[in-house]
Amino acid sequence: EKEIDQQTAELFNRKRKVFLLLDQISSDSASLLTEHYLNAIPLSEISKARFVSIRHIQRKLNRALDEFQPILDQAKDVA
């Protein structure tokens, strides 16, 4: 049980760090990355909710990843 508590605390800490990093990019990019990667929402559902094509969401996701990558590179202790 103690090990589970430690793992839960570690996961919570990592998630908090990721959100702090996401605060450093545009809100639209952060929202898209959160929806797809953290909340596991498929691109098809995101595109329907935003009333745009899947291809448009894919392009925006690629731009969001390009925006976020340098921040991740600087924060090596997140992974």
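Everything numeric in this text was worked out from a predicted model, so none of it was measured.
Nearest heavy atom pair, residue E67 against residue S26, reads OE2-N, 2.8 Å. For L22 against A30, the heavy-atom pair with the smallest separation is O-CB, 3.6 Å.
To the nearest 0.5 Å, atoms OG (S47) and CD1 (I54) are separated by 4.5 Å. With values rounded to the nearest 0.5 angstrom, Q69 atom CD is found 4.5 Å from D73 atom CG. Put simply, CG on D66 and OG on S29 are 9.5 Å apart, with the number rounded to the nearest 0.5 Å.
Side-chain contact annotation: N13 with R16, donor-acceptor N/O pair under 3.5 Å present.
Side-chain contact check for D28 versus R50: some heavy-atom pair is nearer than 4.5 Å. Inter-residue side-chain proximity for E10 and Q6 is flagged as unmet; no heavy-atom pair is nearer than 4.5 Å. In this structure, the side chains of L33 and L38 stay at 4.5 Å or more apart for every pair of heavy atoms.
Listed for the S31 side chain is no donor-acceptor partner under 3.5 Å among the backbone atoms of S27.
Cluster membership for I25 and F19, using ILVMFWY side-chain heavy atoms within less than 4.5 angstrom, is shared.
Screening I41, I57, L61, L65 against H36 for a side chain to side chain contact (heavy atoms under 4.5 Å, CB included) leaves a single residue, L61. The side chain to side chain contact (heavy atoms under 4.5 Å, CB included) test with I46 singles out one residue from L32, V52, N39, and that residue is L32.
Counted within 6.0 Å of CD1 on I4, heavy atoms from surrounding residues, nucleotides or ligands total 12 or fewer; the atom is thus considered open. The environment of CD in Q7 is crowded: more than 12 heavy-atom neighbours from other residues, nucleotides or ligands sit within 6.0 Å.
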